[in-house]
Structure formats: structure tokens, C-alpha cells
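Data block below; observations after.
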Amino acid sequence: MVTASGFVLATALWYSVVSAAEAQNCSSVAAIATQTCQQLERSLGSTIVQTQSSGSEYAIGANFAWSTFSDEVNFQPSCIVFPNTTQHVQTAMKAIFENKADYAVQAGGHSGMIGWNTVQNGVLISFMNMNSTSYDSESDTITLLPGIHWGDATSALQQYGVAPVGGRIATVGTGLLLGGGISYLSPAEGYAADNYVSLDVVLVNGTLVTATADNEYADLFKALKGGGNRFGIVTKYVVKAVHTGTEDEKRWFGGLLVYPNSSSEALLAALAHFIHDTADPNAVLATTFRTTWENSTQDIELDVILVYNGTEASFNTSFAEFLSIPYTSSALQALSYLDLLNAVTFPDGLGTLFGASALTGVPASTLADQYLETYRLYNNFSTAFASSTDIAFTLLDFSPVPKSQIQAGYEKGTNPIVPPLGTGGYFEILFQVTYAEGITEPSPDVEQGRQLWISTAPSTPGLPFFLNEADANQQILATYGGYEFLKQVYAKYDPTRFNVQHTQGPLGL
């Protein structure tokens with residue numbers, strides 16, 4: 001017979017054994033990473049491979065992440081590799097693979113997933129130095145290296161009157177492409193990744209391949225249109241150029257409208273109607289519903305960017321329902337594409353976490369109940385934590401995926417996201433919690449509330465979620481129409497499952 005004291009003793013002994021095993025494993029992981037870093041420093045040199053004590057750029061790389069939850073205060077890579085060439089990346093991955101070291105890759109650094117673009121006791125590959133953009137007028141293509149940010153790339157290209165289908169925020173990087181990517185150009189051109197022409201990819205074992213839509217790596221090419229970081233490291237993107245005009249050419253009309261919370265019901269209905277009804281690839285919108293607190297009093301601002309690639313008259317027709325709703329201020333004018341890209345900014349240096357959902361549109365005769373419920377749950381969270389000093393603000397964003405965007409993706413060879421055809425457009429929904437300055441890790445009570453929103457927010461069955469704006473623990477790839485395809489391609493290019501065992505990224509493979 002086991003006594004209570006015997007049970008307690010046995011339990012304590014079991015936890016002691018488990019803790020010792022975990023400590024030993026952590027020590028082993030750290031030792032492997034240190035060995036790999038030493039090997040890489042010998043082969044690549046101390047300028048390219050830097051440690052916390054040996055390199056002036058280490059602190060920059062370790063604190064380059066947009067969210068402070070992934071900065072050096074929580075993650076200290078054993079070393080950071082700052083490649084200048086694809087060959088440097090090959091050398092790094094070959095050593096990482098052979099030594100079975102943990103690793104991470106950091107491009108633009110804009111991620112709401114803790115640890116996806118950094119690593120503890122592992123090798124971080126930072127693309128800070130590979131950040132050039134160029135345009136080839138003969139092929140009408142743009143070449144992007146992985147360290148670019150969309151604002152810099154678009155600024156560099158505006159003199160030629162072209163732009164890539166890229167992010168809607170200037171400080172976002174090329175990780176957007178690996179998650180599919182939503183752009184102001186997407187209604188006409190598809191997901192950002194639908195506009196790939198070729199990709200240079202370093203596979204998990206260090207092998208370099210160039211993937212295109214019609215060569216022997218066509219399956220890899222397609223998988224990288226939304227499969228995230230699981231299929232290799234892209235060291236060069238060649239993408240289709242879109243002729244958007246120079247900075248002096250104001251081809252767009254629109255801008256920001258700010259609505260009061262009293263207009264929320266009508267505004268949510270307008271969103272649901274717009275995404276159901278619109279067939280015009282020139283009509284584009286983006287939203288930011290933002291809640292902040294002043295002395296525990298909520299301040300809710302509903303910001304909507306409405307723009308039309310064309311005339312003011314077309315703008316007024318396309319967005320008539322939005323313009324009929326009472327708003328508090330507006331800033332409507334003729335815009336260049338670069339103006340549009342710089343219209344929205346987000347603060348850096350704050351810890352941020354995401355959650356995702358997706359909702360289909362509804363016709364004008366139908367109530368937008370699920371949109372209202374999504375907003376109600378968002379407000380419930382904000383109200384529950386109004387007195388918290390941990391939170392700086394919360395956001396609820398609706399990113400449109402209109403039927404014209406879905407159709408464009410199919411016409412360009414499809415992608416693994418594969419939204420359903422024939423059911424109209426839908427919104428990818430982002431729930432964002434941004435912590436106050438100085439907060440270095442999520443608080444358990446806030447996290448519990450955030451997870452409650454994720455688990456209870458309405459979503460339309462059969463719609464894919466947006467990988468770039470999701471919680472790290474959501475099974476995003478499983479929502480894709482091409483999920484089985486992704487699993488097959490992953491097994492082909494990483495048969496030992498090294499990537500999923502040694503770096504953080506989307507679940508399900």
C-alpha cells in the first residue's frame with residue numbers, strides 16, 4: 001500500500017528526474033550550437049559569424065525583431081550568421097544540418113509569433129546585409145533579396161514606375177511572401193506569392209536549387225506560396241513587376257476615414273456587404289479597429305482606408321455604403337502607390353501577439369451577425385483588461401480577400417492556400433494584443449483572455465486562415481485547401497523532418 005508521504009516522495013523524485021533530464025538536454029542543445037558556431041566562424045570568419053561577446057552587430061541582430069518578445073531579453077542565439085551571399089547560407093545550413101543544431105531565420109523581423117525569427121541555444125541566420133532590390137525592364141521583373149522591407153523596396157523602384165505585390169506596411173519584410181501575403185495590389189494580382197517568377201532556395205541540408213512554375217522544383221515553388229518557413233530558406237525572389245507609376249503619378253484616390261464606435265454596427269455590415277458583392281479589382285480597403293486606455297477608460301477608434309485605383313467618381317461609387325455612415329474625420333485625396341504604402345505605421349519595440357479567424361461576406365439583405373459577434377468578443381476582451389497596465393492597445397483588423405484575388409491566384413498556377421472558388425470573397429481577421437513598453441513576456445491572465453477570443457471567435461468553415469497574422473499554436477496549414485499537397489512536398493524535401501524538429505514555424509507538417 002502506498003502512503004500519502006510515499007506518494008509525495010515518489011512524485012518529487014519523478015519531477016527531479018524529469019528536471020535533470022530537461023537540464024541535460026538543454027545543455028546538450030547548447031553544446032551542439034556552440035560547436036556549430038565555432039565551426040562556422042572558422043569557415044566564414046568572425047565578421048559574418050558573431051557571438052554575444054565577439055561581434056558588434058550581434059546586439060543589433062538579436063534585437064532586430066519587431067516584437068520585443070523575440071528580442072535578446074528572452075532569446076540569446078549562440079551565434080548570429082550575417083550572410084552576404086547565398087553561398088554563406090549554404091555553408092551555414094550544411095553545418096547546422098550535419099551537427100543537428102537548432103536554428104532560426106530572420107528576414108524583415110515582423111512577426112507576432114514568439115521565437116519564429118530567433119532562437120535560444122541555436123544559430124540565427126540574419127538577412128540584415130542581404131537587402132537589395134533591382135528591376136529588369138527587359139523581363140519586367142523585380143529581384144528582391146530576403147532582407148528588404150517593403151517601404152524601402154517600393155521607394156527604390158518608384159523611379160521606374162513599378163512595384164512588387166508586397167506588404168501594406170512599409171516596415172514588413174519578405175516573410176510576408178512565405179505566408180502568401182496580402183497587398184493593396186492583391187485584388188488585381190492575387191496573393192503576393194502568386195507573383196513569383198523564380199526562387200533561389202537553400203534546402204535543409206544546404207543544397208541550392210532554383211524553383212520555377214515549370215521546372216523540376218515546381219512543387220517546391222508552389223509550396224513556398226504560403227507554406228511558411230518549412231520548405232527551405234529563400235535567398236532570392238524574382239517576382240512580377242506591377243506598373244503602379246512613379247511617386248509623382250497620383251493614380252489612386254482615397255485615404256483614411258475615422259469612424260466613432262457608434263457607427264460600428266453599420267460599418268461592420270458595410271464590410272460584410274463589400275466583400276460579398278465587390279467584383280472590382282481596383283477597389284481596395286484596409287481596417288484598423290484600435291482600443292487604447294486612459295485612466296481605465298476605453299478609447300475606441302475605427303480606422304478604414306478606402307482607396308480606388310482610378311478616379312474619384314469611381315471611388316465614390318465603389319464605397320458609397322461606407323461614405324453614407326457617419327464618420328468623425330476623413331483625409332481623402334489623390335495618392336501615389338508609395339503614398340498608400342506609407343499611410344499606415346505601427347510602433348516597434350513592443351511585445352505583440354496575434355490571433356486569426358476568417359469570415360465570408362453576406363449580401364445586403366442579410367444581417368452580419370458573425371461580424372457583430374467577432375466585434376463583441378473583441379470588446380469583451382478589451383473591457384476585461386481595461387485596468388491592466390500590461391497592455392498598450394488591442395487591434396481588430398479585417399483584411400479583404402475578394403473573389404478577384406482568388407481568381408487571380410488560380411489563373412497564376414494556384415497556391416497551397418487555395419481559397420474556394422465560387423463562394424465570393426472573405427475577410428482574414430486579425431486579433432492583436434500589443435503590450436506596454438518594458439513588458440518582456442505575456443502575462444498569464446491576459447494570455448488566457450486572448451486564447452479565449454481565439455477559441456470562441458466565429459469563423460466560416462472551409463476558409464483558410466492567414467498564416468502571417470495568426471497565433472503560433474493555431475493549425476493554420478490545416479485550414480488550407482492544399483494541406484495534403486503541402487504534407488507531400490514537405491516529406492519529399494525534408495525526409496528526416498529536420499526543419500520541424502529544429503526550428504519554430506507553422507504546425508501540421
Side-chain angles (χ1 to χ4, degrees), residues 112 182 256-278 285-294 296-306 319 321-329 344 346 352-388 391-402 424-434 446 448-461 463 465-466 469-471 474:
I182 295 176
L256 175 67
L257 282 83
V258 179
Y259 294 85
N261 194 42
S262 57
S263 293
S264 60
E265 186 171 342
L267 183 57
L268 289 162
L271 289 170
H273 302 158
F274 173 84
I275 202 62
H276 178 273
D277 297 336
T278 187
L285 66 79
T287 72
T288 300
F289 295 2
R290 177 178 171 130
T291 302
T292 55
W293 295 268
E294 184 79 31
S296 299
T297 300
Q298 290 187 56
D299 180 16
I300 303 174
E301 183 173 291
L302 311 180
D303 295 346
V304 182
I305 291 178
L306 303 173
F319 297 112
E321 185 173 1
F322 292 94
L323 296 172
S324 71
I325 300 169
Y327 51 85
T328 56
S329 66
V344 177
F346 280 95
T352 300
L353 296 170
F354 295 157
S357 180
L359 288 176
T360 191
V362 299
S365 59
T366 305
L367 294 175
D369 289 343
Q370 290 193 316
Y371 286 73
L372 295 172
E373 176 64 7
T374 298
Y375 188 58
R376 185 188 71 81
L377 291 171
Y378 167 75
N379 280 329
N380 284 352
F381 175 91
S382 299
T383 300
F385 294 100
S387 61
S388 173
I391 301 177
F393 60 87
T394 60
L395 293 179
L396 186 68
D397 288 354
F398 295 80
S399 293
V401 182
Y426 64 97
F427 278 107
E428 297 286 13
I429 299 172
L430 163 67
F431 171 50
Q432 175 178 322
V433 177
T434 295
V446 174
Q448 184 178 8
R450 194 179 69 85
Q451 292 298 331
L452 179 64
W453 186 95
I454 291 172
S455 64
T456 57
S459 62
T460 303
L463 291 182
F465 288 4
F466 189 25
E469 296 180 349
D471 182 75
Q474 289 185 278

Report the relative orientation of the aromatic rings in Y378 and F431; use parallel for angles under 30°, tilted for 30 to 60°, perpendicular for over 60°. perpendicular
Please answer whether the main-chain N or O of F322 pairs with a side-chain N or O of Y327 as donor and acceptor at a distance below 3.5 Å. no
Given 3.5 Å as the limit, does a donor-acceptor pair link the side chain of T434 with the main chain of A392, or not? no
Determine whether a donor-acceptor pair (N or O, by modelled atom type, separation under 3.5 Å) exists between the side chain of Q474 and the backbone of A356. yes
Looking at L430, is its backbone amide N or carbonyl O close enough to the side chain of E469 to form a donor-acceptor pair, meaning the two atoms are under 3.5 Å apart? no
Heavy-atom donor-acceptor pair, R450 side chain to F354 backbone, under 3.5 Å: yes
How are the rings of F398 and Y371 set relative to one another: parallel (under 30°), tilted (30 to 60°) or perpendicular (over 60°)? parallel
Partner of W293 by side-chain contact (heavy atoms from CB on, under 4.5 Å), out of S388, S387, S382: S382
Any L268 side-chain heavy atom under 4.5 Å of F289 side chain: yes
Apply side chain to side chain contact (heavy atoms under 4.5 Å, CB included) to H276 and list each qualifying residue two or more places apart in sequence or on a separate chain. P363
If we ignore hydrogens and angles and just use 3.5 Å, is the side chain of T456 paired with the main-chain N or O of L452 as donor and acceptor? yes
For A457, is there any backbone N or O sitting under 3.5 Å from a side-chain donor or acceptor partner on T374? no
Do side-chain atoms of S263 reach the backbone of P326 as a donor and acceptor pair under 3.5 angstrom? yes
Shortest non-hydrogen pair, T394 vs V433, comes out as CG2-CG2, 4.4 Å
Between F381 and W453, does the ring centroid distance fall short of 6.0 Å? no
Do S264 side-chain atoms and N261 backbone N/O form a donor-acceptor pair below 3.5 Å? yes
Please find the pair of heavy atoms, one from I275 and one from P400, that lie closest to each other, and give the distance. CD1-CB, 3.7 Å
